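Below is one structure, written out as structure tokens, with a few remarks after it.
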Amino acid sequence: MTEFDKLFKDNLKDGKVEAPSFVWDNIENEIEEEKRKKGLFFFFRTLGILVVLLSLGFVYWVIGDLSQETQFETIVSEPNSSSKQANQILEPIGFDDSPTAIYSKKKQGDVDKKNINKKEAYVSGNLLTNVDRVEGLSEGSLLSKEKEGDDNAAEDIDKELLLSEEKEGGDNGVEDISKGLLLSEEKEGDDNGVEDISEGLLLSEEKEGDDNAVEDIEKGLLLEDERTDSMFIENKDLTILLTGEVAIENTLRENKPPKRPFFIETKVGYSSYKMSLWNSSFVFGDLSNRKFKSSGLNANVSFGYQINALLNPMIGFNYNRKQSEFNYSALYDDEGYFSHNIQGNEMPLDEINDSDLLCNQFILNDIKAVFNITSFSVTVGNRFNLLQLKKIGIDLDLSYSLEISSSIEVESIDKIDVSENLREYFNSKITAGLNINYQLSKQFKLFIQAEYIFKPHNSNNFHRSDAHELINSLGLRFNF
Amino acid sequence: MDSTAFKVIYQHYADKLYYVCLRYLKNRPDACDALQEGFIQAYKKIPSFSGKGSFEGWLKRIIVNKCLEFLRSRKVYEELENSQIIEDYYEQPFEFDYSEEDENLQKVLLNAINQLSDGYRTIVNLVIIEGYSHKEVSELIGISVSTSRSQLVRARSQLKKYLTADQSVQIINNYYDRI
């Protein structure tokens, strides 16, 4: 480097010219704008995630619903060809070994006779136990008779247990039970089909009193197609089948109340919190002995969708207006350095007018501030149905809230002059709420809710410390 | 970062960096804009500041880059690239009578730089004052190394003219008129 260059470098490298004051104002505005954009980005990202979750939930619900519908259709309608062979009726081989087909009738042409085991009402295993009750069949409990040799069939069942009669070489058919337990008649040579119950399904006539047994079956209790088709009757259900309770159950199923998965709810609550905290270790200038209390109004409107007991996504909008009082004491050393004021700015001692207490050799200064805080937040979360009795339910809500705006009007601050109003944005809150609800009508529920709110790194108390809040609310929920 | 804390940073460095902006951009409105945009960029990038090297150096580099962006928008570098390259440079004798304690010296020198065209001034700032090599300058502003060298030669030549003899008085007067 030449001397000429050195002359310039030494004299011009470090200089100072006072920057115009408006530059900082512009920078500050830009920074605030930047924060706002960041918050909006976060908000929309959260909203996006919520929409995706809701969509997934919706798809899950639709698929579940379709699946149920398909199952039902499989049961009540003609099966597809691929399932025909797999669903052949097993040959009745004896009461203790295999199910016995009891199936019905009409539209036999429409019913795939090889797929009866989905439609059959069968009696397995302990049929005898149940059949015992069905006494007095005109020719006894003749359930089956197998004419031609099948090792596994009920060969030795005499007239008392004749389930079916197989006229021609088919293995599984049930035909022509003329009297007694007439199950079906297959008119044409299909091995497995069931047609024309000639005299209905005459199940029994109970001659001697058994309360649970079938009564008053005249010439057989003819089970309706639609009823029996959809039934898959375990042996133990035989009695129910016989007594016709199946039909009632099906009727109930058909009359099941419609789903009302969406709900909207509104609640108004009293928000309150008191906190007293002593820092165990004092650091010069740090805040200590903080006391904070706030109380006010909280109003919320939420919208949700019930997928199942554990998945009920919700989105809500929350308005909160409260008055807060913040008392704290601060320590500073005897040299008079008080590091931070209530706004978190560095602050010398002479800005504090007097000192009240002495704590050891340090001066303890009490400061009281009163604020009005108004905040508006958006909440996303999930509701867990913990318990649902007939009319009373208990739910647990877990949610995350983002304060879109939080305005703090400083009403008064003793000992520190704060003239300007403070405004902070985008605090985050995590909420856990327990509510007990009571079903007022089919669509309305009344509930009370206790919510605990945790605000990490909260700006409303100026020091970015954690804040806590408790809200007790009364609300109304509408399902649709 | 809290804006209150950032204000402390601003207050600490603003005057120094505003001076840097004035050295590069000469006029106050542009210097203010560069300072403002540089600080906003620094605010956004503060989380990425690794802590290696001084914070001031990191901040200054941002401000200098911002000033270079402004100059780029004035198409200063294209003019530099297109100007005639002096292949042979004869070191001119330079006699400038000054005192180290002269408080006006800095103003005289600054004003001398401000007499240069944007292109020359940029090269002087980068190479002589900031200490960048010609290679670094060529990468920073997108000119060739030889262009950087030749323009520095011309710039030196002009500065010497400004600073010799009685011109310093005129320079000071001009400086105060300008300020």
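Small disclaimer: the values here were computed from a predicted structure and weren't measured. We name chains A, B, ... by the order of the sequence lines, and we start the count at 1 in each one.
When each of Leu17(B), Leu110(B), Leu22(B), Val20(B) is tested with Val17(A) by the rule side chain to side chain contact (heavy atoms under 4.5 Å, CB included), just one qualifies, namely Leu22(B).
Between atom CG of residue Asn26(A) and atom CZ of residue Phe39(B) there is a gap of 13.5 Å, rounded to the nearest 0.5 Å. Here Phe8(A) contributes atom CZ and Ile113(B) contributes atom CD1; the two are 5.0 Å apart, rounded to the nearest 0.5 Å. Distance check, rounded to the nearest 0.5 Å: CD of Gln41(B) to CD1 of Ile27(A) gives 12.0 Å. To the nearest 0.5 Å, atoms CG (Leu152(B)) and CG (Asp5(A)) are separated by 6.5 Å. Taking CD of Glu18(A) as the start and CG of Asp15(B) as the end, the distance is 6.0 Å to the nearest 0.5 Å. A distance of 10.0 Å separates CD of Glu28(A) from OH of Tyr43(B), quoted to the nearest 0.5 Å.
What you find for Pro20(A) and Tyr10(B) is that their closest heavy atoms are O-OH, 3.9 Å. Of all non-hydrogen atoms in Arg23(B) and Leu12(A), the two that sit nearest each other are NE-O, 3.2 Å.
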Stepwise side-chain contact (heavy atoms from CB on, under 4.5 Å) test for Tyr18(B) and Val23(A) = CA-CA 10 Å; Tyr18(B) 182 56; Val23(A) 176; 5.9 Å; no
